[in-house]
2 protein chains.
Amino acid sequence: MHRIINPPNFVSNYSLYGKEPVTDKKENILLAALQLFSNEGYNVVPTSKIAKQAGVSEGLIFKHFDNKKGLLDAIMEDAELRVNQVFAPVLFETDPIKTISKIIETPFNIREEEYNYWRLQFKLKWETEYYNPQKMKPIIDKLQWAFSELGYKDPQNEAELLSQIVESVSVNILREGLKSQLKFKSFLQQKYKV
Amino acid sequence: MHRIINPPNFVSNYSLYGKEPVTDKKENILLAALQLFSNEGYNVVPTSKIAKQAGVSEGLIFKHFDNKKGLLDAIMEDAELRVNQVFAPVLFETDPIKTISKIIETPFNIREEEYNYWRLQFKLKWETEYYNPQKMKPIIDKLQWAFSELGYKDPQNEAELLSQIVESVSVNILREGLKSQLKFKSFLQQKYKV
DNA sequence: AAAAATAAAGTAAGTACTCACTAAAATACA
DNA sequence: TGTATTTTAGTGAGTACTTACTTTATTTTT
């Protein structure tokens, strides 16, 4: 006879920054909520549905995250880290042409398993609060520097424009898939001569 | 002694296409709902709040619109007409350069009292269903023709790009006000030589 | 008075969140 | 090392409250 041991606080993996151990059930809640929030919307998804999909009692959500908003906060913290990671190569680049080139490539480097994080970010833009227009500031500053170096007439507006284009392409990829935007990618590369 | 007469079914104005007379209370409901839906979101605004702001009993909403979704439908019908009206000048233009010029000006011609209609449109893009990517098709086709006439290399992608830019500018105007985008407007005009 | 329009009160199905409780793990300690 | 104690993860039934929508009553118009 075997004894099936299933410790409730078994540590399955660690969060992105390894701050604290995450039990498998807690992880299940986070994943279920991410999927539901990003596809259906924060306001329309009841906590009961999250619990069901996570295979967990509803009460556990509140044990771990205090309230529904706390659950969203936890997810968004993760989301922000992942989004920053994708933009990081642009910030570290020292060559202006490569900077432009890399920002154009950015939306195409989003890993498919992270689409939901991005979708949630864009969605929450329209559910107030989580929207922070200053979030892209470092990127825009970097682009402005690059355009300046390359002798563009109006680097400020050029930077603003390109960052908007990149955002549009990101949204399009999320909606219609990566392949649909590939021709647009080379179009942009030609346009900016990179 | 005066009798204050306040006829309940007083006809205050007509809908955009003059199909049917709209009583003032029905109009009040539509206006209150538009304001609340566009600023706070369809899902988070209860019908009781709409009734309160419209100065109307809650039941009246259901008399006029059957259900909450019906109220949203009525508003969105109006919204679509108003959005189309703003884009109309582009579709009627026969000169390619003026076509480009007019599409750039489009977001700046949105009347401030119609901001809420636009805001609602963008918001619902992320609450599924009401989003229809084909809605901009006629505009993009027109732009493609214009760029083609002007000898651009890749009119298809140029049209797609400009329509995305116009959408971005629209969103920025809604968020940060018209003035904040004026310098961007002349920047675009220079870029497209119009 | 009949019919239409409006208001008020009510309903049933959710909703986020709580609470009393169980079981297992980690810790304290003899 | 073995036993008692505390801490933690987890459950699921319940609670107060909100929601969209209905029904009944009241007022207004003809």
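Predicted model, so just to flag it, every value in this text is computed and none were measured.
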### Task
Could you tell me which residues satisfy side chain to side chain contact (heavy atoms under 4.5 Å, CB included) with A:Gln134, sequence neighbours excluded, listed by chain and number?
A:Asn132, A:Lys137
### Task
Give the rounded distance in Å between these two atoms: NZ of A:Lys52 and P of D:dT11.
15 Å
### By side chain to side chain contact (heavy atoms under 4.5 Å, CB included) - contacts of A:Gln121 (at least two apart)
A:Met76, A:Ala79, A:Glu80, A:Val83, A:Lys135
### Task
Would you list the pairs meeting side chain to side chain donor-acceptor pair (under 3.5 Å) in which at least one residue belongs to residues 179-194 of chain A, sequence neighbours left out?
A:Lys191-B:Glu158
### Query
Does any pair with a residue in residues 46-56 of chain B pass side chain to side chain donor-acceptor pair (under 3.5 Å), and if so which ones, sequence neighbours excluded?
B:Glu40-B:Lys49, B:Thr47-B:Glu58
### Task
Give every residue pair that meets the side chain to side chain donor-acceptor pair (under 3.5 Å) criterion with at least one member in residues 92-103 of chain B, sequence neighbours excluded.
B:Glu93-B:Lys102
### Task
Report, as a single string ordered 5' to 3', how protein heavy atoms within less than 4.0 Å touch nucleotides 16-23 of chain D: B base, S sugar-phosphate only, - not at all.
---SBBB-
### Task
Can you tell me the distance, in whole Å, between the NZ atom of B:Lys26 and the P atom of C:dA7?
15 Å
## Note on the structure
In whole angstroms, the gap separating C1' of D:dA9 from CD1 of A:Ile61 amounts to 14 Å
### Query
Between A:Ile50 (CD1) and D:dG10 (C1'), how many Å, whole number?
17 Å
### Message
What is the distance, to the nearest angstrom, from the CD atom on A:Glu27 to the P atom on D:dG10?
### Response
12 Å
### Task
Please determine which of B:Val56, B:Leu34, B:Leu36 meets the side chain to side chain contact (heavy atoms under 4.5 Å, CB included) test together with B:Ile50.
B:Leu36
### Query
Taking only side-chain nitrogens and oxygens of B:His64, does any of them come within less than 4.0 Å of OP1 or OP2 of C:dA5?
no
### Message
Any side-chain N or O of A:Lys25 below 4.0 angstrom from OP1/OP2 of D:dT11?
### Response
yes
